[in-house]
Structure formats: C-alpha cells, structure tokens
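Heads up, the thing below is written out as structure tokens.
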Amino acid sequence: MNEKTMLEENKHFEEIIAEESICTNENLVYEKPETLTDIPMHYCPGCGHGVAHRIIAEAIAELGIQEDTIGVAPVGCSVFAYNYFNIDMTEAAHGRASAAATGIKRVLPEKYVFSYQGDGDLAAIGTGETIHTCNRGENILIVFINNGIYGMTGGQMAPTTLPGMKSTTSPFGRDVAMMGYPLKITDLIATLPGVYYATRCAVNTPNNVRKAKKAILNSFKYQKEKKGLCFVEIVTNCPSNWKMTPLESNKWLEENMLPYYPLGDLKTPNGKGE
Amino acid sequence: MKELKLMKGNEALAEAVIRVGCDGYFGYPITPQSEILEYLSKEAYVRTGMIVLQAESEIASINMIYGAAGTGKKVMTSSSSPGISLMQEGISYIACAELPCLLVNVVRGGPGLGTIQPSQGDYFQAVKGGGHGDYKLIVIAPSTVQEMVDHVKLGFDLAFKWRNPVMILADGALGQMMEKVELFEQIQRSFNPPSWATVGKPKNRERNFITSLHMEPEAMEEINKHLQAKYKKIEEEEIRFEKYMCDDADIILTAFGLVARICKKTAMLAREKGIKVGVFRPITLFPFPYDELNKLADNVKGFLDVEMNAGQMLEDVKLAVNGKTVVEFHGRMGGIVPAPEEILHKIEEKFSVEAL
C-alpha cells in the first residue's frame with residue numbers, strides 16, 4: 001500500500017469519526033504530536049513498535065527539538081520508521097545504524113541524533129558497531145527494541161530469543177547447547193565507560209510506557225548536556241511471530257521475557273544500576 | 001600562493017583532503033595506505049577543524065560515511081583492496097541514495113589477503129560494480145603523486161556535481177613513492193546544506209529522508225532508470241583521458257594509473273629503435289573513453305594493453321576497439337610492476353616489428 005492510498009484510507013476513517021460528531025474540544029484527551037506523520041503504521045495489531053515510536057515522537061515534540069533531531073532507522077520491522085517520524089531521517093544498512101548515527105553526529109555535533117534498532121540489527125549483525133559506538137561514548141541515543149525474534153523476515157531466532165523459545169529456525173525451541181545463550185547486550189554495554197545511561201524498559205502497561213518515555217526524555221536531555229551515550233532497551237512483544245493474540249503475547253512477555261530481561265536502570269548518571 | 005613540496009603519495013593526498021576543505025574522514029588502518037589516516041589524525045583537526053575518526057572496521061567506516069554524507073557535508077574514506085571489499089554493501093547503499101562522497105582505494109595485490117605490493121587488480125570491482133545492484137561509481141585513476149593531489153579536488157567536485165560516490169583508484173606504489181607536488185591553496189571549510197540533506201527539518205519544509213528501500217517494483221525500477229540516465233549523462237560529460245605520442249603511432253599502449261607512466265618510458269625506448277609507439281591513458285575509468293579509443297583504432301596496427309592484473313581494463317579496450325584491429329595484452333600480477341624494457345620486448349614479440 002503506498003503513501004497515497006494510506007492517506008486516503010485515513011481520510012475515510014476521519015470522515016466516519018466526523019459524522020459521529022465526537023471530535024469536540026471537550027472530548028480531546030489525546031493528540032498526535034506534530035513529530036509523527038499522518039501515514040498509518042504498518043505494524044501488526046498489538047505490536048510494541050507503535051507505542052515506542054509515539055513516546056519518542058512525544059519526547060521530541062515536548063523538548064521542542066523537532067528541527068534539530070535526526071533519526072536513523074534500521075533494517076528490520078522498523079525499516080520504515082522514517083515514514084512515521086516527521087523529522088529528517090536516514091535508513092541505514094542492517095546492523096550499521098549506530099555507525100551511520102556516529103557519522104551524522106560527528107559532522108553535526110549540535111544536533112540531536114538517535115538510532116532505532118531491533119535485536120537482530122543491534123545485537124547480532126551490528127554487535128561490533130553497537131559496542132564500539134557505545135565504547136566511544138558517542139553523544140547519541142540508541143533505542144533498542146527487543147522482542148526476542150526476527151520480525152520482518154518472518155520469525156527466525158534472534159540473539160535475544162529465550163532458551164527453549166520456538167522460532168522458525170529453532171523449531172524445537174532454542175537449545176542453548178547448540179545455539180548459544182540469549183545475549184543481554186544492555187548489561188554488556190552498561191559496563192563500558194563511554195555509556196552514560198543504560199536502562200531497560202517496556203511498553204506493555206501504561207505505567208511502563210510512562211517510565212519508557214521518561215527514559216527517552218532523560219536521554220535527550222543528557223545528549224544536550226553532551227554527557228555521552230544513552231541506551232534505552234525496550235522489551236516488547238511480537239504477537240504475529242510469537243503466534244499469539246496481542247493479549248496472550250503481553251502475558252507471555254510478563255511471564256517469560258521480563259524475568260530474563262528484568263526492567264530497570266543498568267547504569268545511571270550516578271554510576272550505579274537501580 | 002602555490003606551494004611545492006616533496007611528498008609521499010598517501011601524504012600528498014591527505015594534505016589535499018585538508019586543503020580542499022573536507023569536513024570528515026572515517027577510516028580504518030590498512031597497508032599500503034595507513035599514512036592517509038595517520039597524516040590526517042595529526043594535521044586535519046588542528047588546522048581546519050575537520051573530523052578524523054578511526055573506526056572499528058571498514059564496514060563501520062563506510063556506514064559512518066553514509067550517515068555523514070547524508071548531511072551534505074564533504075566526507076571521505078580511504079582503504080586498500082580487502083578493506084574496500086568489506087565496504088561494498090555500504091557503497092551500494094550510498095550509490096542508490098545518491099550521496100556525494102570520496103572513496104580512495106590504494107590497491108594492493110590480491111586475491112585474498114594477497115600482498116601489500118602495488119596492483120591494479122580491483123579495476124573490475126571499482127568500475128563494474130563491486131557491490132550489489134546496477135550502480136556506477138565515478139572512477140578516476142591518478143598516475144602521479146601530483147594527480148593524487150589534483151584528483152581529490154576533482155573527486156569532490158564530481159561527487160557533488162552528480163550526487164554520486166567518486167573513487168580514486170590508485171595503487172600501492174603511488175601511495176608510497178615520493179615526488180615533487182604543487183599544492184593548491186587552502187580552501188576554507190564551508191557548509192550550505194543541500195535541499196535533500198538530513199540536517200534537521202525546519203518548519204517550512206517537508207522532512208528529508210535518505211533511503212535505498214523502495215518496496216514496490218515499479219518505484220524501484222524508476223529509481224534504477226533515474227540512476228542509469230544519470231550515468232549516461234556522466235558518460236557524455238565527464239570523460240577524461242591523456243594521449244601521449246599517439247598521432248603518428250603504429251602501436252598504442254593502453255594503460256591506466258602508474259602503468260601508463262611506465263608505458264611512456266617504453267614509448268620513448270621504442271622510438272629510439274624506430275618503432276612508433278604511443279600511449280593512451282584513460283583518466284576516468286568510469287566513464288571510459290570508448291569513442292576516442294575507437295577513433296584511434298582506425299590508424300594503428302594494433303594495441304597492447306598493459307596492466308598490473310590478469311586483464312581487466314582489457315575488456316573495455318576490446319569493447320572500444322570493437323574488432324577494428326588486434327588488441328594484445330601484457331599483465332603482471334601479485335604485486336609485480338612491469339618494467340619499460342619488458343613491455344618493449346612484448347611489443348616486439350606480439351607485433352611483427354619489421355612490418356611496421
């Protein structure tokens with residue numbers, strides 16, 4: 001579906017809403033920030049990407065840095081992130097988003113730069129770039145979406161796939177003796193002196209969404225103060241490739257993902273984890 | 001004021017990079033071109049504020065270039081053969097996204113880890129693609145240390161004129177040897193972001209995004225058609241070559257880069273013996289001077305293509321000559337540089353010299 005058809009479809013829904021006359025000021029409780037475009041997202045129902053995009057967009061809008069922010073999209077489900085953020089963006093090669101972000105930040109040090117990367121992108125093919133970007137203490141924000149699976153290519157095993165977890169390339173469950181262990185890359189990079197702030201969040205409950213947004217806001221503030229690299233992991237779900245309903249996937253996330261990837265700060269400006 | 005200096009090829013190139021007002025260099029050490037990174041690390045930032053960053057790999061370097069070139073800044077990287085191989089995915093992205101930047105390959109002998117001695121074994125990689133998909137680099141081949149300097153300026157001019165990556169295809173000997181060079185004056189760094197650059201979206205324009213992803217085949221074909229049309233225009237406008245004693249020549253040596261210089265010496269030696277030899281040197285390898293070479297084919301007994309590889313530019317020479325006359329080949333590989341006398345001997349061997 002191209003941009004034009006999507007916008008037409010959007011207009012259609014707008015017309016329905018208008019007919020029902022509920023679009024009145026007193027009913028307004030929630031607005032789309034100007035940092036998001038009108039293009040409907042392609043993400044599956046219940047997927048965490050949409051919420052993650054939104055909180056980043058809200059943070060940029062609230063800080064008033066839309067004109068000064070450049071984002072880098074990865075290869076993966078969020079490859080089209082540049083369609084949704086109403087800011088200048090670059091779509092990087094698989095795994096290289098943090099290198100591209102480094103290039104941008106180094107020649108435009110006064111701008112805000114962030115990369116948005118999935119687990120395959122950041123913690124498998126791009127592990128080298130991730131670690132070295134963090135180790136150099138590049139003054140950027142890396143948002144790391146961890147759903148334990150390759151989404152765009154159709155549910156293959158990711159570096160973060162849990163032990164025993166089934167995927168199309170671990171059809172009998174991840175056998176750690178054969179396939180190795182899930183990589184807790186945020187714990188790993190939190191040990192690097194170049195990293196100023198590393199935290200693990202989720203967007204599965206309203207409270208967690210608020211905390212994740214706060215982490216993004218803090219990261220941009222630290223970037224303004226030139227504090228170094230900020231790393232925000234967002235543990236999320238993948239209903240389609242986990243083969244669950246959105247509700248089931250959220251429950252599974254709480255019962256399986258979060259015990260392995262516990263939420264909280266791994267490195268804070270005070271130098272300590274939570 | 002113009003300045004004369006005795007400089008190593010790699011250092012002369014690095015000096016030109018500073019003087020041209022380059023904004024950023026991202027690279028990784030590899031012989032025989034590490035002096036470029038070393039020289040820039042010492043000189044660039046203190047003199048012009050140019051960013052110099054040693055990346056963790058060539059893959060990271062080229063993707064830093066991808067990001068930085070997208071801002072419209074003047075950026076470059078350099079490497080040697082195995083390192084350039086690692087960069088190919090990124091180069092394909094850069095070509096598709098039409099980002100201007102300068103790439104330098106100081107070629108060493110391959111394949112594999114090969115040798116650190118000079119070679120021209122990356123002609124195919126540079127000129128015919130290298131990475132995936134239908135794209136072209138503008139490729140320029142210096143033959144002197146002076147041209148290592150001049151081609152930096154030319155390279156950036158062409159890159160920004162055509163929104164296309166430009167590669168300087170040198171070799172290990174050009175990088176390492178010292179010659180007298182005339183340096184151009186320092187050009188002040190300046191920044192006027194192009195309309196397409198990702199520098200932050202002002203309120204009064206639509207967002208810019210840089211991508212090489214176009215999911216609909218029709219859209220992707222349009223991108224390809226646009227690129228091909230651009231390459232065709234580049235072929236019409238940017239061909240550069242040098243002719244040396246070709247006017248009365250019976251035999252023309254075709255060679256690029258360092259080998260063309262050696263061939264000039266061969267031509268002199270041949271003429272002392274009464275054999276009329278000329279040299280045709282493509283300066284741009286893409287676009288290749290097919291038509292000029294084709295015209296020359298009308299008046300000669302034959303061509304001898306000489307390269308430091310197994311015969312790569314040879315294919316383009318044959319395409320240009322198009323069967324009009326004979327095209328012979330002499331190549332050395334693995335880091336061996338052919339000597340003028342050796343080439344002369346080949347002329348005598350391949351062509352019946354008495355008949356000339």
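All chains are named by letter (A, B, ...) in the order of the sequence lines, taking the proteins before the strands, and each is independently numbered beginning at 1.
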Proximity breakdown for V75(A) and chain B, heavy-atom pairs closer than 4.5 Å:
side chain
How many angstroms lie between CD in E91(A) and CD1 in I210(B), if you round to the nearest 0.5 Å?
11.0 Å
Pick whichever of A68(B), P202(B), A69(B) has the most heavy-atom pairs under 4.5 Å with chain A.
A68(B)
Under a 4.5 Å heavy-atom cut-off, does chain A meet the side chain of A197(B), its backbone, both or neither?
backbone
Heavy-atom cut-off 4.5 Å, strictly under: side chain, backbone, both or neither for Y112(A) against chain B?
neither
Rounded distance [0.5 Å steps], CZ in R207(B) versus CD1 in I70(A):
14.5 Å
Name the region of L213(B), side chain, backbone, both or neither, that has any atom closer than 4.5 Å to a heavy atom of chain A.
both
Segment of T90(A) engaging chain B (4.5 angstrom heavy-atom cut-off):
both
If you define the side chain from C-beta out and look only at heavy atoms, does anything of K201(B) sit under 4.5 Å from D88(A)?
yes
So for L53(B), is it side chain, backbone, both, or neither that comes closer than 4.5 Å to the heavy atoms of chain A?
side chain
With a 4.5 angstrom heavy-atom cut-off, is it the side chain or the backbone of E138(A) that approaches chain B, or both, or neither?
side chain
Quick one: what part of S57(B) sits under 4.5 Å from any heavy atom of chain A, side chain, backbone, both or neither?
side chain
Under 4.5 Å between any side-chain heavy atoms of F191(B) and L108(A), yes or no?
yes
Could you grab the distance from atom CD of E206(B) to atom CG of N86(A), nearest 0.5 Å is fine?
7.0 Å
Toward chain A, the part of M215(B) with a non-hydrogen atom under 4.5 Å:
side chain
Report yes if the side chains of R106(A) and T71(B) come closer than 4.5 Å at any heavy-atom pair, otherwise no.
no
Heavy-atom cut-off 4.5 Å, strictly under: side chain, backbone, both or neither for V75(B) against chain A?
side chain
So how far is it from E56(B) CD to I131(A) CD1, rounded to the nearest 0.5 Å?
10.0 Å
So, the part of T37(A) with a heavy atom under 4.5 Å from chain B: the answer is side chain
